[in-house]
Amino acid sequence: LARAGIVPLDAEQGLHLFDTALGRAEPLLAAVRLDLRALHGQDRVTVPPLLRGLVRTATRRTASHGADAVPLAARVAALPAHEALRLLTDLVRTEVAVVLGHPGPEAVDPERAFKEIGFDSLASVDLRNRLAAATGMTLPAGLVFDHPTPTVLAAYLVAELAPSARTAAADPQEAAVRELLATVPMTRLRQSGLLDLLLRLGDPVPDESNSIDEMDVDSLLRLATESAAG
């Protein structure tokens, strides 16, 4: 409410404004205390519609980061799928922290459901509006309800910003495994016996009994572990 420029009322102020409102003939009279300074400079998307005519707001921009001002969609499209997912997950966690009043994104568990961490309808709309301003996209009203965790929501945003990353972003576990494999030195893969296994799995004509297309991440890791143990 403070970010929306609405100042709390004590009982005496509330009753006085209520009595004043009852004695006026104007329709749609809102008895509130406003802090317009809290709204100046905010993106127009984040300012409540009823207050937009009262304040000077910043011009809406397509989100960008860094001095080169590369649009977010271009940055996502240029990144590997797992890095794009990480970028959008960080964005979602940052905005969730702001909405919930946390000191920073590290306080937001990306795998916990929004309803478990304190989201209600008002917070959901606030997050939708903030993400719309950050991404430059028009986002659906049920965004948080349709994508119930920060990770799932980030995957949706990746798919919308860069459709080519849709498949990998849709499976955060797969993206995490691919990112982990990319950090393992080739010598360690060879010494553990995993390199030969991965090469066989990636063969254009793989063994039908071990086709990577028919295996999920858990099966792949189990097969790799069994191979290394053998």
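We number each residue from 1, following the sequence as shown.
Of the possible donor and acceptor atoms, one in the side chain of Q13 sits under 3.5 Å from a partner among the backbone N and O of D10. Counting only distance, with no hydrogens or angles, the side chain of T151 and the backbone of P110 share a donor-acceptor pair below 3.5 Å. No donor-acceptor pair under 3.5 Å is formed between the side chain of R33 and the backbone N or O of V7.
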Practice prompt. Starting from the C-alpha separation in whole Å, work towards a yes-or-no answer on side chain to side chain contact (heavy atoms under 4.5 Å, CB included) for L87 and L72.
Written response: CA-CA 10 Å; L87 174 66; L72 183 59; 3.9 Å; yes
Worksheet item: When you look at L143 and L127, which way does the side chain to side chain contact (heavy atoms under 4.5 Å, CB included) test go after all the steps?
Response: CA-CA 9 Å; L143 181 72; L127 179 61; 5.8 Å; no
Practice prompt. Report the C-alpha separation of F145 and S124 in whole Å, then their side-chain angles, then the decisive distance to 0.1 Å, and conclude whether the side chain to side chain contact (heavy atoms under 4.5 Å, CB included) test is met.
Written response: CA-CA 8 Å; F145 300 104; S124 299; 3.9 Å; yes
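Closest heavy-atom contact between L139 and T135: CD1-OG1, 4.4 Å. Annotation for H147 and Y156: closest pair NE2-CD1, 3.2 Å, computed over non-hydrogen atoms. The two residues L100 and G118 make their nearest non-hydrogen contact at CD2-O, 4.1 Å. Nearest heavy atoms, V32 versus L17: N-CD1, 4.3 Å.
Contacts classified as side-chain hydrogen bond (donor to acceptor under 3.5 Å, both in side chains) and involving residues 101-110 (residues at least two apart or in different chains) are not found.
The other residues sharing a hydrophobic cluster with F18 are L22, where clustering joins ILVMFWY side chains under 4.5 Å apart.
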